[in-house]
Protein chains: 4
Amino acid sequence: MAVRTHGGTGMPAVTSAESAESSVPRRLLAVATRLFAEKGFDRTSVQEIVAAADVTKGAMYHYFDSKDDLLTEIYARVLRLQMSRLTEIARQEGPVAERVERAAADVVVSTIDNLDDATISFRSLHQLRPEKQREVRDERRRYHELFRSLVVEGQNQGVFTDRVPADIVVDFYFGSVHHLSTWYHPDGALSPREIGAYYARLLLDALRPAPAHR
Amino acid sequence: MAVRTHGGTGMPAVTSAESAESSVPRRLLAVATRLFAEKGFDRTSVQEIVAAADVTKGAMYHYFDSKDDLLTEIYARVLRLQMSRLTEIARQEGPVAERVERAAADVVVSTIDNLDDATISFRSLHQLRPEKQREVRDERRRYHELFRSLVVEGQNQGVFTDRVPADIVVDFYFGSVHHLSTWYHPDGALSPREIGAYYARLLLDALRPAPAHR
Amino acid sequence: MAVRTHGGTGMPAVTSAESAESSVPRRLLAVATRLFAEKGFDRTSVQEIVAAADVTKGAMYHYFDSKDDLLTEIYARVLRLQMSRLTEIARQEGPVAERVERAAADVVVSTIDNLDDATISFRSLHQLRPEKQREVRDERRRYHELFRSLVVEGQNQGVFTDRVPADIVVDFYFGSVHHLSTWYHPDGALSPREIGAYYARLLLDALRPAPAHR
Amino acid sequence: MAVRTHGGTGMPAVTSAESAESSVPRRLLAVATRLFAEKGFDRTSVQEIVAAADVTKGAMYHYFDSKDDLLTEIYARVLRLQMSRLTEIARQEGPVAERVERAAADVVVSTIDNLDDATISFRSLHQLRPEKQREVRDERRRYHELFRSLVVEGQNQGVFTDRVPADIVVDFYFGSVHHLSTWYHPDGALSPREIGAYYARLLLDALRPAPAHR
DNA sequence: TATGAATGAGGTTTCATTCAT
DNA sequence: CATGAATGAAACCTCATTCAT
């Protein structure tokens, strides 16, 4: 959509001599991701990006339409990734509770693995053009819908309580997940997988049916 | 600290005729809060703020040191409010589970009541000067600590499980709360109090002890 | 001219309780002199001056017409002082060479004694209003004329050479004197009087007649 | 250092058609020099500079980091020029008295030839950033040292008196030189070379040894 | 494919001064 | 005499983007 490549892979093959390691657009995206997460989109200048990527401004504008376009690409990448993981898990076999637990833990791990993406995506929506914002919101809604459908499935089967509407459960859980980027630190005592397990446990426990509630 | 007034109230008395309703610094803060929430701190110009507050730029800089200072004040206000509400609830009488539930529901309601503040405070931390960021983080930590101490109290009493460390529980819950501003809409079907009740319920249920887990 | 006093002394008597030590206008001038010398006229704000003098802005504008007015007063004070010292020396008895030597040494000492004044007056002329600039230049010319007349007197008597025109001699010497403020430091090895003596010696030696030149 | 050019000459070659005469950065420096000398650094706005140079503000900031940077460049240019001239003269053959006389006269001529530079450099030091100030002072000290070494050489040979320390002699003389810009006017009766000759004569005469002093 | 000079609008902030009280 | 809120013009600087080469 934004990256103008000339093959069909979505990413041009690494050809030029100047980047033994990575293609120019890939380097630009990687650098932009880091800088946007560190300093925020508006505080990061195109100049800084191209300097950090060791690329000229002209080159950047060759591959991307605008600075906004970089942000758009980052959002697209995040959404694509999360959606594909959830889809994969959702269509697996097995009890719905297990699939929900797996999905809940997985999104935590993948969020932590791409913490810069998470930082950006929860903080920069309003910096996209309104039209793009709508697209992102729509895609996010589709994601939530998919997750919600799993919760509803569990509720219908009676393995999950319906004391709390599934909508609320989903927003509740993804709020927690999105906020990982505000407190998670790689030096912490817990590994991403452990955190994922705890988060999933909290969700599953909250959904346990028939509690002799107080 | 930031608002340069010369009485002791923190806000000058309303005296001039031109603002029957509100003092100049108060108007500026109110307008800035709305605009920062709508468009983000960096996208809001001082020009827009003073125009919306019907004040001259000079007047704004008479009361506030800088645009940053406005943001700092907003953070201070939010933290002051949340902390005072939690302190109040924490020191009430009654079973710890009830106090946690009350605190959990209350923070949801007060977050929704000040949704612009919530939007700003979860999105704009990095726009504060590093020193101020640290202060905000410290105050936020004290808040979390207080909440955590309630959870730990319940765990020690055996009314809450300790399957998940109290730290994680707290971060988990406040992630959800902070993210209310990304999806809550006044036109929605649920009232703030209903949402608060659901959120508190999810937390309390997740903390129920002795689950015959799976 | 600028200080609005109500007696006739040029400086109001110290009356108010708030300044046991010095009158308000005097304090303002003293502070302004120090700050103008330290940071330059344009870099010193009225706010800084009144803060350092512990006086309100209103009070300053009560005593002085403007910030420019402070500078004008400083110039007036310097010129008044130097002129009176030179006049005093010029009309003393004794050989002209002695009077020139005395005047030359004296201006060095008095320049060092008021080093801030010297700093300001050699650096800030262009910050006065054109009309005031002319006045200062005129007064300075009168000063130079008086000094020059002594040199010419010596040349006419044959005690000074006239190899170099008296004009040039005077500009030459006062260039040196005015520049004292760029290198003199109170911690230096030489006292003001020693420097004065050396400077006077250099002038007098340069004026010695009948050199078997080279 | 300051001018961002990408060749190695320090000044880009004149290529574009719109400035047949001079490159953009050169024009900016020339205009800034004139304006800083006329009105002072702080009184000259960037707007005035770019208007006079017929350049946009953006273009100026493309070549110079800041307004300060322009001033820094001017200082660098002055110091470079003066130092190279003195070095050249100092290492010539011939009696030391002749070399001193030549250097003394030459600095006068070159100061007058670049009178705007002189005006700026003696008045604007405090407008540089402290770090740059130190650099300028250091370079100026090296210059003085070189001159002083010539004076000392003469004193050691006995062709100059040592009644006055060489330090003082040097500060004395360069005070006079720097102040040329406060009184020299092209319409005056004397040519730069004549003034240079007179100044050098005054210095040399002051240094004549063995005066039957008074 | 890539360069880098140039644009020009808009950003935040400073500050001498006034004036009602 | 003194206050301090308010003014408004002007200051320096940034930056995404374009375009001739």
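The structure displayed is predicted, hence computed values, not measured ones.
At least one side-chain nitrogen or oxygen of B:Tyr61 sits closer than 4.0 Å to the OP1 or OP2 atom of E:dT13.
For A:Ser66, taking side-chain heavy atoms from C-beta onward, the closest of the listed nucleotides F:dT7, E:dA5, F:dT17 is F:dT17. For C:Val46, counting side-chain heavy atoms from C-beta on, the closest listed nucleotide (E:dT17, F:dT17, E:dA6) is E:dT17. Closest to the B:Thr56 side chain, of the nucleotides F:dA6, F:dT7, F:dC12, is F:dT7. The nucleotide whose nearest atom lies closest to any side-chain atom of D:His62 is, among E:dT1, E:dA6, F:dA6, E:dA6.
We find that CZ of B:Arg129 is positioned 11 Å from P of E:dT13, with the value rounded to whole Å. Between B:Ile49 atom CD1 and E:dT13 atom C1' there is a gap of 13 Å when expressed in whole angstrom units. One can place CG of B:Leu28 at 14 Å from P of F:dA5, the figure rounded to the nearest angstrom. Per the geometry, CG belonging to A:Asp68 stands 10 Å off P belonging to F:dA16, to the nearest Å. Going from atom CZ of B:Phe64 over to atom P of E:dT12 covers 15 Å, rounded to whole Å. For C:Arg43 and E:dC15, the CZ to P distance is 10 Å, given to the nearest whole Å. A straight line from NZ of C:Lys67 to C1' of E:dC15 spans 8 Å, rounded to a whole angstrom. Distance D:Asp54 CG to E:dG8 C1': 15 Å, rounded to the nearest Å.
Straight-line distance between the P atoms of E:dT1 and F:dT21: roughly 22 Å, to the nearest whole Å.
Salt bridge present: C:Glu48 and C:Lys39 bring a charged side-chain N and a carboxylate O closer than 4.0 Å. A salt bridge links C:Glu135 with C:Lys132: at least one charged nitrogen is closer than 4.0 Å to a carboxylate oxygen.
Cation-pi contact between B:Lys67 and B:Phe41: present, with separation from the ring centre below 6.0 Å and deviation from the ring axis of at most 45°.
Across all strands shown, F:dT7 forms a Watson-Crick or G-U wobble pair, both distances under 3.5 Å, with E:dA16. Pair assignment for E:dT21 gives F:dA2, based on Watson-Crick or G-U wobble hydrogen-bonding distances that are each under 3.5 Å.
For the residue pair A:Arg129 and A:Thr72, no side-chain donor N or O sits within less than 3.5 Å of a side-chain acceptor on the partner. Counting only N and O atoms by type, the side chains of B:Arg123 and A:His126 include a donor and acceptor under 3.5 Å apart.
Each of D:Ala59 and B:Lys57 was assigned the nucleotide of DNA chain E with the nearest heavy atom; the assignment lying further toward the 5' end belongs to D:Ala59. Two residues, D:Glu48 and A:Gln47, neighbour DNA chain F, and the one matched to the more 5' nucleotide by heavy-atom proximity is D:Glu48. Each of D:Ser45 and B:Val55 was assigned the nucleotide of DNA chain F with the nearest heavy atom; the assignment lying further toward the 5' end belongs to B:Val55.
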